[in-house]
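Report on one structure; see the data block that follows.
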Amino acid sequence: MASCPMADAKQRSECPACSSKDDINPLNMMPNSPNEPAPDQPFPLDTTRQVSSIPKAEKDSSERWVYPSEQMFWNAMRRKGWQWSEDQLKPDDMKHIISIHNRNNEEAWREVLKWEALHGRECSVPKLVSFKGRAKDFSPRARIRSWMGYELPFDRHDWIVDRCGRRVRYIIDYYGCEPQPDNSVPIYLDVRPALDSFTAVWDRMKVAVRRWTS
């Protein structure tokens with residue numbers, strides 16, 4: 001889990017969070033977003049893409065995943081049906097959105113690496129294979145927490161990690177924390193391996209015991 005308290009020169013690849021069926025990216029099951037301005041776009045946006053710290057799982061590759069640009073993010077929102085109006089978004093807002101998006105992905109990967117450290121002898125360099133957004137597909141853990149009075153997560157991603165030949169699925173639930181004095185709203189990430197194997201169950205049990213006894 002991330003630390004937020006719940007209130008209730010590298011080569012490039014495509015972004016991990018980022019028409020026809022041919023336009024679907026099999027690594028995230030989403031249409032590829034163009035990096036050019038939309039015809040009715042009210043202001044220019046940056047097309048620069050930031051290289052992440054997340055290794056990409058390709059044979060004999062040192063590539064890292066690359067995050068979407070402001071322009072790509074805008075086009076993705078438009079593709080989902082969002083319409084711009086003057087009282088909604090300004091150019092600086094897009095910079096903030098991209099910053100939050102990238103920071104959350106970096107934090108999620110750090111949390112994945114904490115779990116993967118349990119298998120450091122087996123694999124010293126885990127890599128991200130692919131991911132899929134499942135915002136409305138609440139995990140059993142999230143549903144149980146909601147029955148206890150906690151808010152449901154506002155988003156969920158499933159990440160597939162390559163543990164040196166073994167593929168491991170991670171669930172990442174995203175929760176909004178209480179607003180801070182500066183009006184920022186921190187995001188809490190609940191990251192854990194999915195209970196797809198005995199190894200994952202054992203890892204979850206070991207970490208739970210450590211937390212209860214520490």
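If you're wondering where the values come from, they're calculated on a predicted model, not measured in any experiment.
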Item to check | Any residue meeting side-chain contact (heavy atoms from CB on, under 4.5 Å) with F154, in chain and number order, not counting sequence neighbours | outcome: Y174, I187

Next on the checklist: Tell me every residue that passes side chain to side chain donor-acceptor pair (under 3.5 Å) with S139, counting only those two or more places apart in sequence or in another chain.
Outcome noted: D173, R192

Next on the checklist: For a quick test of reading the model, state the closest non-hydrogen atom pair linking K95 to E70 and the distance between them.
Outcome noted: CG-OE2, 3.0 Å

Checklist outcome for this item: Rounding to 0.5 Å, atoms CG (L189) and CD (E107) come to a distance of 5.5 Å

Checklist entry - Can you tell if the side chain of T199 reaches within under 4.5 Å of the side chain of R163, non-hydrogen atoms only? => result yes

Checklist entry - Who else is in the cluster with L152 when I, L, V, M, F, W and Y are joined by side-chain contacts under 4.5 Å? => result F138

Next on the checklist: Under the rule for side-chain contact (heavy atoms from CB on, under 4.5 Å), what residues qualify as partners of R103, not counting sequence neighbours?
Outcome noted: S99, I100

Checklist entry - side-chain contact (heavy atoms from CB on, under 4.5 Å) between E122 and R166: does it pass, once the steps are laid out? => result CA-CA 10 Å; E122 174 187 346; R166 176 183 296 181; 4.0 Å; yes

Next on the checklist: Students often mix this up, so state it plainly: with edges at 30° and 60°, are the rings of W74 and F43 parallel, tilted or perpendicular?
Outcome noted: perpendicular

Checklist outcome for this item: D93 meets the salt bridge (Lys or Arg N to Asp or Glu O under 4.0 Å) criterion, sequence neighbours left out, with none

Next on the checklist: Could you list the cluster mates of V125? Members are the ILVMFWY residues connected by side-chain heavy atoms closer than 4.5 Å, either directly or through other members.
Outcome noted: none

Next on the checklist: Let me check something: do L195 and Y170 share a hydrophobic cluster, defined by ILVMFWY side-chain heavy atoms less than 4.5 Å apart, either directly or through other members?
Outcome noted: no

Checklist entry - What is the minimum heavy-atom distance between H101 and P68, and which atoms define it? => result CE1-CD, 3.6 Å

Checklist entry - Considering only heavy atoms from C-beta outward, does the side chain of I97 approach that of M94 to under 4.5 Å? => result yes

Next on the checklist: Nearest 0.5 Å, please: how far is CZ in R49 from CZ in F73?
Outcome noted: 12.5 Å

Next on the checklist: If you compare all heavy atoms of P55 against all heavy atoms of P126, which two are closest, and at what distance to 0.1 Å?
Outcome noted: CG-O, 3.9 Å

Checklist entry - Looking at residues at least two apart in the chain, or sitting in another chain, which of them share a salt bridge (Lys or Arg N to Asp or Glu O under 4.0 Å) with R156? => result D158

Item to check | Residue list, side chain to side chain donor-acceptor pair (under 3.5 Å) with E106, at least two apart or on another chain | outcome: S53, Y67

Checklist entry - Does V191 belong to the same Ile/Leu/Val/Met/Phe/Trp/Tyr cluster as W109, with side-chain heavy atoms less than 4.5 Å apart forming each link? => result yes

Checklist entry - With sequence neighbours left out, which residue pairs that include part of residues 91-142 fulfil the disulfide (SG to SG under 2.5 Å) condition? => result C123-C164

Next on the checklist: Distance check, rounded to the nearest 0.5 Å: F198 atom CZ versus M205 atom CE?
Outcome noted: 7.5 Å

Checklist outcome for this item: The side-chain contact (heavy atoms from CB on, under 4.5 Å) partners of R167 (sequence neighbours excluded) come to V129, I160

Checklist entry - Can you list the residues that meet the side-chain contact (heavy atoms from CB on, under 4.5 Å) rule with L118, with sequence neighbours excluded? => result W115, D203, V207, R210

Item to check | Spacing of H157 atom NE2 and N105 atom CG [to the nearest 0.5 Å] | outcome: 7.5 Å

Item to check | Rounded distance [0.5 Å steps], CD1 in I171 versus CG in D196 | outcome: 7.5 Å

Item to check | Contacts of type salt bridge (Lys or Arg N to Asp or Glu O under 4.0 Å), residue D92, not counting sequence neighbours | outcome: none

Checklist entry - Got a second to check how far R145's CZ is from D190's CG, nearest 0.5 Å? => result 6.5 Å

Next on the checklist: So which atom in A108 and which in W159 form the shortest heavy-atom distance, rounded to 0.1 Å?
Outcome noted: CB-CH2, 3.8 Å

